**Student:** 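Take this structure, written in structure tokens, and hold onto it; I'll ask about it next.
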Amino acid sequence: MILKKIPVYKPCITEVEKKYVNECLDTEWISSRGKFVDQFEGAFADYIGVKYAISCSNGTTALHVALLALGIGPGDEVIVPTLTYIASANAVTYTGAKPIFVDSAAGTWQIDVDDVRRAITARTRAIMAVHLYGQACNMNEIVALARDHDLLVVEDCAEAIGTRIGAQHVGTFGDIASFSFYGNKTITTGEGGMVVTNNPTLRNRTSHLKGQGLAEFREYWHDIIGYNYRMTNICAAIGCAQLERIDSTLAKKREIAGWYRARLADAFEFQVEERGTTHSHWMVCLLVESADARDPLRNRLAQGGVETRPVFYPVHSMPMYAHAYRRMPVADDVASRGINLPSYPDLAADEIEYICSLLTERQS
């Protein structure tokens, strides 16, 4: 019997979002021009702590154009963690470069720096650090390794707004970074993304590429092959409203993660929050005891009206990338046993108690 219907994620929309969107409609600034685009970019850059933020139509286009701005292309290799969402690898492939997959570190599930070191070849141009589920990669070691080998560093921060190493926000350690504002992200614009960098050349290249390659001083003159990757004013308006309450959203998500961990720590293994980092808890993730137990447990939750998701499948195991298949022990294990639990900011304490009761009942 279904007692509740609890989705794995849903956006939190208030009257402020509606007010800003209605302003777009009333003024008829609904496409990629309008005050909210500049306002959102400026506010986001300030929050992250970078000089430049360039809005895009979604997180995947942001990552794609960030790679293009770096000059990544055919013949290049980009090292990517296999335990990530497919967009991380696909964005590399879009450029004509080749993603080279590496394993994850146990506990944090972030890119394994030792495996990165082993994967570097003469063709390697960049390392992509994906801050998975809101935990930070070991950026100090990644940046040092990249410098030793004259490599670029791209940060995929799609799931990591609010994630910090010490006081420094992720996305500010490498050469360029991307964020996502899809409907299930910590802040949303419906669809949307952002590229951030401190490098003015990369900022200019990104803006040029995402705007159809339009020349700066000549109307309707395009001097490169560009892309229509612009964010709309409506999306940016939603983003402005969401960003205004980012601190309270992150605090609530941290509280939710704490509730889960306090209630379930004796029964399940959770993703580790590395010392010296701030986990933003985009998704609360746990590991069941064995792969065989994962799907029956998810079914039990579904029967109770609770939606869950499996942890991402390792990308190197998917058909279009499996030609270079090799065992990735940590990623394979996490993917086979991992579950994402409901993690949206409006989740109530009694709902978490209900979810936990289903989880522990199944374990007993």
Side-chain angles (χ1 to χ4, degrees), residues 40-41 43-67 69-70 78-81 83-92 104 108-111 126-140 142-143 146 152-189 191-199 202-203 206 210 229 231 239 242-243 246-247 249-250 253 271 273-274 277-283 285 312 343:
F40 186 39
E41 290 176 341
F44 194 81
D46 289 344
Y47 178 78
I48 300 300
V50 293
K51 292 181 180 178
Y52 311 107
I54 308 97
S55 59
C56 293
S57 53
N58 58 60
T60 305
T61 60
L63 188 55
H64 180 207
V65 79
L67 291 164
L70 291 174
V78 178
I79 297 174
V80 181
L83 190 63
T84 184
Y85 183 57
I86 190 68
S88 305
N90 282 351
V92 175
S104 304
T108 65
W109 312 350
Q110 305 305 304
I111 191 169
I127 302 168
M128 182 183 292
V130 182
H131 304 291
L132 191 70
Y133 293 123
Q135 172 56 39
C137 299
N138 189 333
M139 291 309 302
N140 293 326
I142 290 169
V143 170
L152 300 164
V153 175
V154 184
E155 293 181 73
D156 181 347
C157 307
E159 304 163 9
I161 184 168
T163 302
R164 297 179 184 273
I165 301 173
Q168 187 174 346
H169 202 288
V170 296
T172 62
F173 290 85
D175 296 282
I176 200 166
S178 65
F179 289 80
S180 172
F181 310 123
Y182 184 62
N184 66 5
K185 295 302 189 292
T186 300
I187 68 169
T188 184
T189 60
E191 283 278 8
M194 195 77 77
V195 177
V196 301
T197 184
N198 285 311
N199 186 303
L202 294 179
R203 184 267 176 197
T206 301
K210 71 118 179 195
Y229 285 175
M231 177 180 284
Q242 294 265 304
L243 193 58
I246 181 62
D247 290 336
T249 298
L250 289 167
K253 288 176 71 66
Q271 185 185 29
E273 181 174 18
E274 189 81 291
T277 71
T278 301
H279 197 313
S280 59
H281 300 290
W282 171 57
M283 283 282 181
C285 308
F312 297 129
S343 304

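Worth saying up front: this structure is predicted, and the values here are computed from it rather than measured. Heavy atoms only: backbone and side chains are in, while hydrogens, waters and symmetry mates are out.
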**Student:** Look up atom CE in M283 and atom OG in S343, then write down how far apart they are to the nearest 0.5 Å.
**Tutor:** 5.5 Å
**Student:** Taking the side chain as every heavy atom from C-beta outward, state whether E274 and N138 have any atom pair closer than 4.5 Å.
**Tutor:**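 Side-chain contact under 4.5 Å: no.
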**Student:** Measure up the Y133 and W109 rings against each other and bin them: parallel (under 30°), tilted (30 to 60°), perpendicular (over 60°).
**Tutor:** perpendicular
**Student:** Measure the shortest side-chain to side-chain distance between W282 and I161 over non-hydrogen atoms and say whether it is less than 4.5 angstrom.
**Tutor:** no
**Student:** Is the closest side-chain heavy-atom distance between Q110 and Q271 below 4.5 Å?
**Tutor:** yes
**Student:** About how many Å separate SG of C157 and CG of L63, when rounded to the nearest 0.5 Å?
**Tutor:** 9.5 Å
**Student:** Can you tell if the side chain of T84 reaches within under 4.5 Å of the side chain of I111, non-hydrogen atoms only?
**Tutor:**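 Side-chain contact under 4.5 Å: no.
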**Student:** Return the NE2 to CD distance between H281 and Q135, rounded to the nearest 0.5 Å.
**Tutor:**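 Reported to 0.5 Å precision, the distance equals 8.5 Å.
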**Student:** Hey, does the side chain of N198 reach the backbone of V50 with a donor-acceptor pair shorter than 3.5 angstrom?
**Tutor:** no
**Student:** If every non-hydrogen atom of A69 is compared with every non-hydrogen atom of I176, which pair is closest and at what distance?
**Tutor:** CB-CD1, 4.3 Å
**Student:** Is the count of non-hydrogen atoms from other residues, nucleotides or ligands lying under 6.0 Å from Y47 atom OH greater than 12?
**Tutor:**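 More than 12 within 6.0 Å, yes.
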**Student:** Assess the residue pair K185 and F179 against the criterion (side-chain contact (heavy atoms from CB on, under 4.5 Å)); give the C-alpha distance rounded to whole Å, side-chain angles, the decisive distance to 0.1 Å, and a yes or no.
**Tutor:** CA-CA 10 Å; K185 295 302 189 292; F179 289 80; over 6 Å; no
**Student:** If we ignore hydrogens and angles and just use 3.5 Å, is the side chain of T188 paired with the main-chain N or O of F181 as donor and acceptor?
**Tutor:** yes
**Student:** For H131 and D156, indicate whether the former's side chain and the latter's backbone hold a donor-acceptor pair under 3.5 Å.
**Tutor:**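 Between the backbone of D156 and the side chain of H131 there is no qualifying donor-acceptor contact (under 3.5 Å).
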**Student:** Do the side chains of I48 and T172 get nearer than 4.5 Å, heavy atoms only?
**Tutor:**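 Yes, close enough: below the 4.5 Å cut-off.
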**Student:** Calculate, to the nearest 0.5 Å, the distance between atoms OG1 and NZ belonging to T186 and K253 respectively.
**Tutor:** 4.5 Å
**Student:** Check C56 against V195 and note the closest heavy-atom contact, atom names and distance.
**Tutor:**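 Nearest heavy atoms, C56 then V195: SG-CG2, 4.1 Å.
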**Student:** Looking only at non-hydrogen atoms, find the nearest pair between E159 and S280 and report the distance.
**Tutor:** O-OG, 3.8 Å
**Student:** Considering all heavy atoms of both residues, which atom of D175 and which atom of L70 are nearest to each other, and what is their separation?
**Tutor:** CB-CD2, 4.1 Å
**Student:** Quick one: pull up OG1 in T61 and CE in M231 and give me the separation to the nearest 0.5 Å.
**Tutor:**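 So the gap between those two atoms works out to 8.5 Å.
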**Student:** Let me confirm one number: the CG-NE2 distance from N90 to H64, rounded to the nearest 0.5 Å.
**Tutor:**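 That separation rounds to 10.5 Å.
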**Student:** Nearest heavy-atom pair of R164 and A136: which atoms, and what distance?
**Tutor:**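 What the structure gives for the nearest pair is O-CB, 4.4 Å.
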**Student:** Centroid separation under 6.0 Å, is that true for the rings of Y182 and Y85?
**Tutor:** no
**Student:** Measure the shortest side-chain to side-chain distance between V153 and F173 over non-hydrogen atoms and say whether it is less than 4.5 angstrom.
**Tutor:**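 Counting from C-beta outward, V153 and F173 never come under 4.5 Å.
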**Student:** Report yes if the side chains of M139 and Q168 come closer than 4.5 Å at any heavy-atom pair, otherwise no.
**Tutor:** no
**Student:** Could you tell me which non-hydrogen atom of G134 sits nearest to which non-hydrogen atom of T163, and how far apart they are?
**Tutor:**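 In terms of heavy atoms, the two residues are closest at O-OG1, 2.7 Å.
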